Participant: 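Please read through the structure below; I'll follow up with questions.
For clarity, every value in this text was computed on a predicted model and none was experimentally measured. Throughout, protein chains are lettered first and strands after them, A, B, ... in sequence-line order, and every chain is numbered starting at 1.
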Amino acid sequence: MPRASKNVISLDTETTGIDHWHGAEPFFITFGLPDGNNEFCEWEVDPKTRRVLFDLDDLRAIQARIDEADELVFQNAKFDFHALTTIFRRAGLELRWPWERVRDTLLAGHLLASNHSHDLTSMCVEYLGVNIQKHENRLERVVKEAAKVARREFPSWRLAAKGLPEMPSAKEKVWKYDSWLPRAAGRAVVASLRFDLLPDEPVGLPAVVRAADDHDVSIGRPSKWGNPWKVGRDGSRREVVTKYAETILNTPRLLAELHELRDKRLGCAGNCAPDLCHGHVLRALCHPWFTALRDYANADSVATLALWGVQERLLKERGLWAIYLRCLKKPWVAAVMERNGVTANGSQLTRMREQFAREAEEAKVTCVSLAACDGLTDLPKSGVSNALKRAMFGRRFWRCTCGQEFDDPADGSCPLCDSRVISSHYERSRLDLEPVSHTEKSGAPAVDKAAIERWLATLPEGSDQRRFVAALRDWRKCCTATNYLDGYERFWLPLNRPCDDGAVMTRTVPVPSWFILHPSLNPTGTDTLRWSSSNPNAQNVSKQEGFGLRFVFGPAPGREWWSADAQNIELRIPAFEANEPDLVRVFEHPDEPPYFGSYHLVVFAVLHPEKFAKHGAESKRVYESTWYQWTKNGNFALIYGAQDVTADAAYHVPGAREMIWRRFPRIAALSDRMLAAAERTGVVETIPDRSVDSKRGYPILCTRSERGRVLPTVPLNYHVQSTAMQWMSEAMIRCQEQLDRWGSEFKMVLQVHDELVFDFPRGRGPEPWRTNLPKIRRLKSLMESCGDDIGVPTPVAVEYHSESWAEGKAWTSTVGRANARRNDAEIV
DNA sequence: TAACTGGGCGCC
DNA sequence: AGGGCGCCCAGTTA
């Protein structure tokens with residue numbers, strides 16, 4: 001018997017916010033069905049608490065749809081997974097989530113065109129030629145309209161706003177968190193018979209009988225891969241049409257409820273409802289306040305399904321299917337890590353905050369006292385303020401022949417008398433600093449770290465100017481650190497732990513002064529293969545001396561952390577790929593003189609041959625803060641794609657880049673190959689991973705300048721950065737699969753591009769770090785095994801953290817050392 | 001008031 | 001013409 005066609009459906013949720021960990025929940029679930037219909041379900045939201053009034057039967061119906069689908073398509077599956085998990089959990093149900101049947105258009109969008117926009121609207125334009133933006137615009141209008149009425153009529157409602165504890169990610173733009181509001185306001189309006197509060201319906205058909213006005217076609221920019229907007233699932237142009245198959249549809253339910261509300265209000269039993277009022281209720285049901293969200297959401301799920309149809313075909317046509325299937329593991333790993341969360345030490349944070357506040361105050365007093373005569377009364381918490389600029393560089397102003405003085409000539413005339421006879425003047429400040437550079441966009445004098453360093457290096461010791469600049473630097477550092485701490489505090493939640501008190505039900509109790517954060521990880525957040533992190537960003541936690549915020553993060557009581565980082569992976573990749581013999585030898589024989597495995601030392605020897613001849617590997621120490629440090633700076637600048645001038649400046653050696661390129665011609669040739677490929681095809685590919693697809697790598701689009709050329713530094717950088725991150729993604733997948741087998745107490749909690757952090761139960765005994773050593777060895781070897789598949793040896797360095805992320809003890813495996821016993825290990 | 005831009009800075 | 005991010009504050013504009 002022929003197998004029935006696959007049941008491929010899409011799923012999308014609308015939520016009361018994006019902060020799932022702080023109470024945001026889904027209130028609208030929509031399925032896109034293969035025939036172009038929807039099934040959806042909408043729950044009320046309690047406007048005073050923002051709690052979703054879910055229905056258990058609906059949840060079971062949703063689970064049934066998920067269970068019976070052969071493939072479930074999402075735009076960002078991770079988000080809907082968290083959203084549904086939240087509501088199922090509150091309902092006391094366990095969500096069964098079929099990661100193996102999930103398809104994700106967000107991942108597909110990145111794989112097909114890494115530097116294009118991957119939001120649903122943009123991709124529908126690019127791949128379907130359909131614009132669904134109008135639904136969002138309509139929703140925005142309606143939400144803002146309802147919010148206005150609600151603020152006035154229902155002041156006790158909890159509308160979204162920056163600063164509410166349940167939405168720490170909220171910035172200024174929050175209307176999307178209130179997409180439940182129009183319907184809630186509509187119900188309240190009906191209940192109070194205040195139909196006059198409903199704004200006039202916009203001209204056009206009521207949304208429930210949706211016309212074909214969604215079919216207009218916007219022409220997006222042409223894809224380099226063909227003309228996807230001309231192609232639909234069946235080969236013809238796909239139109240996104242939403243019809244309402246009301247399988248789970250609750251309009252009848254809503255209608256009944258609204259009548260009930262109205263009847264209660266009228267004090268009747270329901271049989272004496274005036275026709276007029278019934279008409280009002282019916283009309284209200286067709287009003288955008290009741291339909292805008294539903295139209296928006298249902299269009300999204302249908303569009304997602306249609307989009308997937310095109311993307312799936314393109315992925316297969318372009319030979320990217322194997323890579324895609326592997327990429328599908330990423331949202332799963334990211335979701336598990338996000339759920340695990342990162343633990344933070346509250347008392348540590350408080351201590352640091354107090355210290356920064358003291359130091360900041362001291363610095364501010366210094367600055368203000370030195371520049372009070374120029375009107376400086378306060379310092380900006382970041383960046384520069386006009387007052388600071390004026391105090392540092394003096395004031396530029398204009399004066400009219402009429403005597404009026406003003407800061408900004410605006411249209412070139414005097415604001416008082418309109419005369420155009422104005423003259424420019426310059427008033428020196430007491431400090432009167434000489435600008436060392438200017439900002440890119442406005443050309444104002446820069447007051448950034450580099451400028452401050454420059455001033456500190458040149459201004460006379462003990463001068464007011466120098467004291468001011470030094471104090472400004474200290475103030476900045478304290479404020480920056482404090483701003484980060486504020487963010488962590490805004491996002492963190494009390495850390496709870498199951499408490500075994502002998503009761504049948506496990507309770508949880510808070511761990512005193514410990515908290516947990518759930519940073520969001522986005523595997524498609526960059527133009528390369530790097531992941532991004534946000535809310536808060538866990539990838540930019542300071543390591544700076546005196547401001548090391550990594551002291552805040554670490555293992556909670558009864559736990560320990562292990563970090564594992566790929567050593568020099570971005571230097572190893574080009575060396576091994578190009579097969580640059582001298583570099584390969586250095587990396588493969590880290591114990592051999594004269595370089596002892598140090599890439600930096602090799603380059604040092606190229607740039608400073610006499611110094612190296614004299615000191616050998618000792619050069620590291622002899623020139624620790626000078627020539628050797630500058631060599632490292634230059635090496636990193638080169639990885640990041642620096643051109644001649646910048647690289648030479650970083651190395652402090654004229655012609656350095658040229659010398660290095662000559663010394664390592666194969667790497668130079670690799671760079672040229674990448675550039676040529678990028679110019680020809682627009683993409684560079686990562687090194688193929690034998691465990692995924694030995695023939696091809698992940699294509700990374702290289703941005704072209706206005707003149708249509710690829711910047712020469714970009715291709716090698718993208719290639720290396722993306723290959724490194726592909727290695728990391730693969731390592732994360734393998735590690736998480738292993739961790740799953742060990743159980744939920746063994747967690748991966750952080751990823752910082754080439755570093756992973758694991759959170760384990762604390763070991764016991766006189767040397768507690770030995771307890772988990774077998775597992776750590778296993779993870780290290782799993783990570784290193786990923787290098788085999790790209791032909792680059794990728795040793796992983798491991799550190800043990802018993803107190804905090806900032807304090808690590810290197811674990812040195814002595815395996816392989818000539819004079820060591822096998823399987824010996826020590827912590828230094 | 002809401003939303004945006006610019007400057008600045010943390011990480012790899 | 002130095003790659004990739006996210007986030008804060010100050011200041012301006014709609």
Participant: Quick one: does any side-chain atom of A:H118 pair with a main-chain N or O of A:A113 as donor and acceptor, under 3.5 Å?
Facilitator: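 Yes: the side chain of A:H118 pairs with the backbone of A:A113.
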Participant: Taking salt bridge (charged side-chain N to carboxylate O under 4.0 Å, His left out) as the cut-off, I'd like each qualifying pair that reaches into residues 537-546 of chain A, sequence neighbours left out, listed once.
Facilitator: none
Participant: Please identify the 5'-most and 3'-most nucleotides of DNA chain B with any atom under 4.0 angstrom from a heavy atom of chain A.
Facilitator: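 Footprint of chain A along DNA chain B, 5' to 3': B:dA3 to B:dC12.
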Participant: I need the residues from residues 531-552 of chain A with at least one non-hydrogen atom less than 4.0 Å from DNA chain B; give them sorted by number, or say none.
Facilitator: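 Those residues are A:N537, A:Q539, A:N540, A:V541, A:S542, A:K543, A:Q544, A:R550.
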Participant: Measure from the side-chain N and O atoms of A:S542 to the backbone N and O of A:G548, and report whether any donor-acceptor pair falls under 3.5 Å.
Facilitator: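 Checked: no pair found.
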Participant: Could you check whether any side-chain heavy atom of A:P795 comes within less than 4.5 Å of a side-chain heavy atom of A:F587, counting everything from C-beta outward?
Facilitator: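 They are not in contact (no side-chain heavy atoms under 4.5 Å apart), so the answer is no.
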Participant: Strictly below 4.0 Å: does A:Y718 bring a side-chain N or O up to OP1 or OP2 of C:dG4?
Facilitator: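 For C:dG4, OP1/OP2 do have a side-chain N/O of A:Y718 under 4.0 Å.
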Participant: A:R530 side chain: which of C:dA10, C:dG4, C:dA1 is closest?
Facilitator: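 Side chain of A:R530 sits closest to C:dG4.
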Participant: Ring centroid separation for A:Y698 and A:H110, is it under 6.0 angstrom?
Facilitator: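 Yes, they do, as the ring centres are separated by less than 6.0 Å.
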Participant: Could you spell out the base pairing of DNA chain C as a dot-bracket line? Use Watson-Crick and G-U wobble contacts where both distances are under 3.5 Å, [ ] for crossing pairs, | for partners on a different strand.
Facilitator: ..||||||||||||
Participant: Verify the neighbour count for atom CD of A:E434: are there more than 12 heavy atoms of other residues, nucleotides or ligands below 6.0 Å?
Facilitator: no
Participant: I'd like a table of donor-acceptor pairs (distance under 3.5 Å, sequence neighbours excluded) in which one partner is a side-chain atom from residues 652-660 of chain A, with atom names and distances.
Facilitator:
from	atom 1	to	atom 2	distance (Å)
A:R657	NE	A:A642	O	3.3
A:R657	NH1	A:D644	OD1	3.0

Participant: Do A:H22 and A:P165 make a side-chain contact, defined as non-hydrogen atoms from C-beta onward lying under 4.5 Å apart?
Facilitator: no
Participant: Does the side chain of A:R353 reach to within under 4.5 Å of the side chain of A:T482, using non-hydrogen atoms?
Facilitator: yes
Participant: Check whether any side-chain heavy atom of A:F79 sits under 4.5 Å from a side-chain heavy atom of A:H20, and report yes or no.
Facilitator: yes
Participant: Are A:T528 and A:M725 packed together at the side-chain level, in the sense that at least one heavy-atom pair is separated by less than 4.5 angstrom?
Facilitator: no
Participant: Does A:R550, at its CZ atom, have more than 12 non-hydrogen atoms belonging to other residues, nucleotides or ligands within less than 6.0 Å?
Facilitator: yes
Participant: Within the sub-3.5 Å range, which N or O atoms of nucleotides 12-14 of chain C have a protein N or O partner, and how far apart are they?
Facilitator:
none

